[in-house]
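Read the structure below first, then the notes.
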Amino acid sequence: MTTIRTRFAPSPTGNVHIGNMRVALYNWLYARHNRGQFLMRMEDTDRERSTPAAVQTVLDALEWLGLTPDEPPVYQSQRRTAHLEAAAQLLEAGQAYKQDKGDTGKGEAIVFRMPGTDITFTDQVKGALHKAAQDMQDFVIVRSDGSPVFHLANVVDDIFMNVTHVIRGDDHTENTFRHIALYQALNAPVPVFAHLPMIVNAQGKPYSKRDGDAFVGDFRTNGYLPAALLNYLALLGWSPGDDREVLTPDELIAAFSLERVQSSAAQFDQRKFEWVNGEHLRQLPQSMHREQYIQAIPQAGNNPAYLDAVIAAMEDRVKKWSDIPVMAGFFFTEDYPCDEKAVNKRLRKPGALDLLAALHTAFAKCTPFTEESTEATLRDLADARGVKPADLIHPTRIAVSGLPFGPSLFKMLAVLGRDRVTQRIERTLNTIKPQEDSNAPQ
RNA sequence: GUCCCCAUCGUCUAGAGGCCUAGGACAUCGGGUUUUCAUCCCGAAAACAGGGGUUCGAGUCCCCUUGGGGACGCCA
């Protein structure tokens, strides 16, 4: 029984698209599930685009996601001699011939001769595929400038790397017939093929440059978890067969099989991905959360006990790391931004400031200053004034955090402490008032 | 134009002829959590593209139509 070997063979173009990463993921999952090897080959023969930086981007993306190859990457640009030797071999065997372009006369290309028979293979996701001989033409394998063409290089390198399973994008399905002919002409065993459907954008169209946020690097900078991206990407075109939706990388490996891969295109749903990310986030240990808070807000490291209280208060509100500075920044600075819309809605409203001022007075006498006592104080005041608790809760939240949403208000207040709370209410009272006077003709 | 592939709720999917009056998840809507919500819980609405077959029986098999996608490079 031979060891299963899969490979990820991207052409580095500067950005790594989620579609490519899913191809890498499925190759990785298949190899891991079957205790085989996952390999990597840079198809970097396009010198225009394949810059060192572009190559590094691919490597970085794989590393971030934890899709580590089992052997050092093969660089296709360094395999040119082997490609040309294979072409020479085909030429000699009469399975390829030279052809002049005609017009230029600047050298001859080498053209592969298709066998002239129908070709059939069983795709692991699409099933039996067949192509009539008449629908396949001979094709160039070495250009007249002497450079090998993709088809040749791809097949020769897969043979060289002993790849047993070629798992790649749907767009290569048609190429497979030619590739099989090449394997046979080179007397090499034909690998197993599996072609994955595409990932399309919100409009149901293939991703284009216009669709922006589909690059792996963006997910990283926006504070998403690699395990969550892996999880969500795996679910795009595959399912474990039971009702599980949130799976760790190990669980994905255990459950993965090509038989369960869907054969139709899938659409990336940003909101579901957010949810998956949140699920993974809340399973992370406290230490990880601390680390991220400190990274996002350096002052957060000053008081460990306070930080833990903040993290507890924020609980499930944080869905991605980049939420931290915007949702929890006010815990650590007096210089937090204020949501103007919310200020208009809740503070520039008849009676709101009076109520807030009364609450300020009540809070000043509220001892101790806890989740329970602040709640009781606020409710008593609402009762006494004949207003709904919400009429006090909203203005207070905005005064104290600048945000129209967040964790439970009373939890927030207790964490912040009386001094900060009363100061912030006071400051809000002072800054809103004058504006209201000038706008008060009615 | 030629060849190939695909088609279940808005989205991702379960479904390998009777277990389907089609299940789950995200999103949506409604209710609850004697406070907001971008939390949590409960509930609701929501799909087999259309038409022919095959069969006692079809979401599941076959054909056609329609719609989508891909490939037809001396790009990868």
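Quick note on labels: first sequence line is chain A, next is B, and so on, each numbered from 1.
Remark: A:R168 is not in phosphate contact with B:rG70, judged by side-chain N or O atoms under 4.0 Å from OP1 or OP2. A:K205 has no side-chain polar atom (N or O) that falls below the 4.0 Å cut-off from OP1 or OP2 of B:rG68. Residue A:R260 places at least one side-chain N or O closer than 4.0 Å to OP1 or OP2 of B:rG15.
Taking a pair to require two hydrogen-bonding distances under 3.5 Å in either a Watson-Crick or a G-U wobble arrangement, B:rC20 remains unpaired. Pairing partner, B:rG1: B:rC72, with both Watson-Crick or wobble hydrogen-bond distances short of 3.5 Å.
With B:rU36, B:rC26, B:rA7 as the candidates, the nucleotide lying closest to the side chain of A:S264 is B:rA7. Looking at the side chain of A:M198, the nearest of the listed nucleotides B:rC12, B:rG70, B:rC74 is B:rG70. Here B:rC40 is the nucleotide among B:rC40, B:rC3, B:rC72 with the atom lying nearest to any side-chain atom of A:R282. Out of B:rU35, B:rU39, B:rC4, the shortest distance to the side chain of A:R317 is found at B:rU39. Out of B:rU39, B:rU36, B:rC74, the shortest distance to the side chain of A:K319 is found at B:rU39. Picking from B:rC12, B:rC26, B:rU35 the nucleotide with the shortest atom distance to the side chain of A:L236 gives B:rC12. Side-chain proximity of A:R379 to B:rU35, B:rG69, B:rC12: nearest is B:rU35. Distance from the side chain of A:Q262 is smallest to B:rU13 among B:rU13, B:rU35, B:rC74. Checked against B:rU2, B:rC37, B:rA25, the side chain of A:W275 finds its nearest nucleotide in B:rA25.
Counting atom types as modelled, A:S263 pairs no side-chain N or O with a base atom of B:rC6 as donor and acceptor under 3.5 Å. If you check distances only, the side chain of A:K272 never reaches the base of B:rA27 with a donor-acceptor pair under 3.5 Å. In terms of polar N and O atoms assigned as donor or acceptor, the side chain of A:S408 never comes within less than 3.5 Å of the base of B:rU36 in a complementary pairing.
Mapping A:K126 and A:Q76 onto RNA chain B by nearest heavy atom places A:K126 closer to the 5' end of the strand. Where A:A265 and A:S11 meet RNA chain B, the nucleotide closest to each residue was compared, and A:A265 sits on the side nearer the 5' end.
A:R178 places no side-chain N or O within donor-acceptor distance of the main-chain N or O of A:H151, the cut-off being under 3.5 Å.
Within 4.0 Å (heavy atoms only), A:H151 reaches at least one base atom of the nucleic acid.
In this structure A:K320 satisfies the salt bridge (charged side-chain N to carboxylate O under 4.0 Å, His left out) test together with A:E274, A:D323, sequence neighbours excluded.
Remark: nothing in residues 380-388 of chain A comes within less than 4.0 Å of RNA chain B through any heavy atom.
We find that the ring of A:H172 and the base of B:rA76 stack, their centres lying under 5.5 angstrom apart and their planes tilted less than 30°.
Shown here is A:E372, whose CD atom has more than 12 heavy atoms of other residues, nucleotides or ligands within 6.0 Å.
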